[in-house]
Amino acid sequence: MTIESSITPLRVAIVGGGPGGLATAIALSKIPSVEVKIYEQATVLREIGGGITIGQNTWNVLELLGVADTLTSGHVIDSHLNFNGKTGELLHRHVKEGIVVTRPQLRTQRTKLQSALLAHVPRGVIELSKKLAGMVDKGIGGVELLFSDGTVATADLVVGADGIRSVVRDTAWPDYEIKFTGTTFWRTLLPWDDVVKRDPRFAQTGWWHGLTTNIWLSSVGEGLGEIIAGNRQDPAVHSADKVSWGVPVDNAYVESHFEEFLPQIRGVLHGVKEGDWREFSAFAGPELSKLTAWDEKVVLVGDASHALSGAFGAGAGFAMEDGWVLAQALQYYRNDVHRALPLLNRIRLPYYARMYAHLENEAAQRAARLKDLGDSPSYDDRVRLRVIKAGGKDMSWIYGNHIGKVWEEAISTLDEQNSTADIASSYNTSTP
Ligand SMILES: Cc1cc2nc3c(=O)[nH]c(=O)nc-3n(C[C@H](O)[C@H](O)[C@H](O)COP(=O)(O)OP(=O)(O)OC[C@H]3O[C@@H](n4cnc5c(N)ncnc54)[C@H](O)[C@@H]3O)c2cc1C
């Protein structure tokens, strides 16, 4: 019997063809005896929303997936600036510190990451126009996936890579809820020369801040630039109507939030072609105590598994790390989901717990600093406070994370435990 034929064949259904789903499919397609399918609701795979940062943690996982050399387009950013949007005062230069850099940090179009990943997904794996509507636990018969076109598929393992509004999560974790965070983003791409000609400072990637608003301006390469314009409201007041994701919105509506900003910034906003803005309302949900359900027949990766609403600007990297670890764990335990999925939980849950704790700590410290400013802090002081990252300067555990090394460490601990157990059992059997 060959090694391959001794491995239990596994039918894996990945729901969602975003960075998490595509990376999971690439990693799984490299291991024996896994039959993988991606079910994606879109009729055409097309990313919306503009740019994305490919930092070192994301490069590390792209290298492990064999995709890094395929992603060649983008704008190199070694730092980004923070300005007061009303006065133009430079507040802070943000540099990611303590990271072993093998490739420069890139800001690129989301479509570029998507096409690089797609080039490595084996033919026939992706099924488009398959919107998951529900799932049924069939016990030892696996999981039935019910699609909104009335078709049904069966899998031994379902990977929920269907993003922050995950149907997989809603079905297998029915009590889980996401809530509007209060932040709405408007995003678009536009010719970059049109932006830079208004102010030479725009050539540097940066945030321009108001009291509850901010604007990100960056090149994304190939003559294109992006604007992310954000506004924060009280979620308790504004939650009900905020369900939009990639919805077109009028220029006048976006511009109305930035009336106190410098004229050249308002000029950039005004220069956006009518119909090009898309609105995204940020949602977030609490930490999960397990990423797996239904007796290890369902697992979540990416935004579905940690609804952090893009808080670290590296969620595509996290999603791909999840998928890569899942494949390694399945390979290590020869497709035995009852051993592989607990290992995934052991590796990824503490990491996500650390992210949630970091955000909580940062919010608490910011609130304390606001209190320190007294009863009527000035506009400028409050804006300055927004760019002070209080939760700890060293973010290399996120932006320098090397999931390959994390995996090796986890396995060496397991190997040590196994050999200790072996010695113990041989001692027991050889001792009269
Ligand atoms: C404003 C903003 C800026 C960000 N900037 C960055 C950045 O610079 N760098 C970075 O790494 N990350 C960034 N992120 C986060 C990043 O976009 C996400 O973390 C990442 O896209 C998550 O990937 P995913 O595959 O888990 O989910 P998604 O990218 O959301 O993909 C989910 C896929 O599932 C499909 N799907 C959904 N429901 C169903 C269904 N019922 N049936 C079938 N298919 C379904 C969707 O169509 C989609 O293709 C940002 C996020 C925001 C909001």
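Because the structure is predicted, anything quoted here is derived from the model rather than measured. Whatever order the structure lists them in is the order used to number ligands and atoms, beginning at 1.
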Return a table of donor-acceptor pairs under 3.5 angstrom between the side chains of residues 314-328 and protein atoms on other chains or two or more places apart.
from	atom 1	to	atom 2	distance (Å)
Glu321	OE1	Arg348	NH1	3.3
Glu321	OE1	Arg348	NH2	3.0
Glu321	OE2	Asn401	ND2	3.4
Asp322	OD1	Arg348	NE	2.6
Asp322	OD1	Arg348	NH2	3.1
Asp322	OD1	Tyr352	OH	2.9
Asp322	OD2	Gly302	N	2.8
Asp322	OD2	Ser305	OG	3.4
Asp322	OD2	Tyr352	OH	2.9
Gln328	NE2	Trp324	O	3.1

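- Proximity to Pro19 (heavy-atom distance under 4.0 Å) selects the following atoms of ligand 1: 21 (O), 23 (O), 25 (O), 29 (O).
- Separation of the His306 and Tyr351 ring centroids does not fall under the 6.0 Å cut-off.
- Of the N or O atoms in Val15, none lie within a sub-3.5 Å distance of an N or O in ligand 1.
- Not a single heavy atom of Ile228 sits less than 4.0 Å from an atom of ligand 1.
- For Val167, every heavy-atom contact with ligand 1 shorter than 4.0 Å involves the side chain, none the backbone.
- Remark: aromatic rings of Trp192 and His75 are distant, center separation not under 6.0 Å.
- Counting the atoms of ligand 1 from 1 in the order shown, those under 4.0 Å from a heavy atom of Gly302 are 26 (O).
- Checking only distances, Phe185 never comes within under 3.5 Å of ligand 1, N or O to N or O.
- For Gly310, no nitrogen or oxygen atom sits less than 3.5 Å from a nitrogen or oxygen atom of ligand 1, counting backbone and side chain alike.
- Between Asp199 and Arg201 there is a salt bridge, with a side-chain nitrogen of the basic residue lying less than 4.0 Å from a carboxylate oxygen of the acidic one.
- Lys297 and Asp137 are joined by a salt bridge, as a carboxylate oxygen and a charged side-chain nitrogen come within less than 4.0 angstrom of each other.
- Remark: ligand 1 and Arg107 share an N or O pair separated by less than 3.5 Å (distance only, no angle test).
- Leu22 contributes atom CG, which lies 8.5 Å from atom CG of Leu113 (distance to the nearest 0.5 angstrom).
- For ligand 1 and Ala161, the ligand atoms under 4.0 Å from any heavy atom of the residue are 32 (C), 33 (C), 34 (O).
- Between the choices Asp322, Leu132, Asp162, the shortest heavy-atom distance to atom 42 (N) of ligand 1 belongs to Leu132.
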Exercise for the section: Any chance you could lay out the side chain to side chain contact (heavy atoms under 4.5 Å, CB included) test for Asp380 and Asn84, step after step, and finish with the verdict? Expected result: CA-CA 8 Å; Asp380 287 356; Asn84 181 319; 3.1 Å; yes
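- If you look at Ile164 next to ligand 1, there are no close heavy atoms at all, none under 4.0 Å.
- Interface atoms of ligand 1 facing Gly317, defined by a heavy-atom separation under 4.0 Å, are 11 (O).
- Cation-pi contact between Arg165 and Phe283: present, with separation from the ring centre below 6.0 Å and deviation from the ring axis of at most 45°.
- For Tyr399, the ring pair (Phe, Tyr, Trp, His ring centres under 6.0 Å) test picks out no residue, with sequence neighbours left out.
- At a heavy-atom cutoff of 4.0 Å, ligand 1 is contacted by no atom of Ala133, backbone or side chain.
- Nearest to atom 2 (C) of ligand 1 by heavy-atom distance, out of Arg187, Glu127, Gln41, is Arg187.
- Ion pairing between a basic and an acidic side chain is recognised when a charged N comes within 4.0 Å of a carboxylate O; Lys130 and Asp149 show such pairing.
- Checked by distance only, ligand 1 and Val301 stay at 3.5 Å or farther apart across all their nitrogen or oxygen atoms.
- Using a 4.0 Å cut-off between charged side-chain N and carboxylate O, Arg187 and Glu279 make no salt bridge.
- Taking the centre of each ring, His80 and Trp216 come in below the 6.0 Å mark.
- The proximity of Phe318 to ligand 1, defined as any non-hydrogen pair under 4.0 Å, does not occur for either the backbone or the side chain.
- Residue Asp303 has at least one N or O atom closer than 3.5 Å to an N or O atom of ligand 1.
- Against a heavy-atom cut-off of under 4.0 Å, Lys130 is close to the following atoms of ligand 1: 42 (N), 43 (C).
- Ligand 1 lies out of reach of Ala282, whose nearest heavy atom is not under 4.0 Å from it.
- Atoms of ligand 1 lying under 4.0 Å from any heavy atom of Arg110, numbered from 1 in the order shown and given with element: 16 (C), 17 (O), 21 (O).
- Between Ser309 and ligand 1, no N or O atom pair is found at a separation short of 3.5 Å.
- Salt bridge status for Arg386 with Asp381: absent, with no side-chain N to carboxylate O gap under 4.0 Å.
- Residue contact check: Tyr39 has heavy atoms under 4.0 Å from atoms 43 (C), 44 (N) of ligand 1.
- No part of Arg165 comes within 4.0 Å of ligand 1, judged by heavy-atom distances.
- Aromatic pair Trp277/Phe185: ring centres not closer than 6.0 Å.
- Between Glu226 and Arg107 there is a salt bridge, since a side-chain N of the basic residue sits under 4.0 Å from a carboxylate O of the acidic one.
- If you number the atoms of ligand 1 from 1 as listed, the ones under 4.0 Å from a heavy atom of Gly18 come out as 25 (O), 31 (O), 33 (C), 49 (O).
- In Ala42, neither the side chain nor the backbone holds a heavy atom less than 4.0 Å from any atom of ligand 1.
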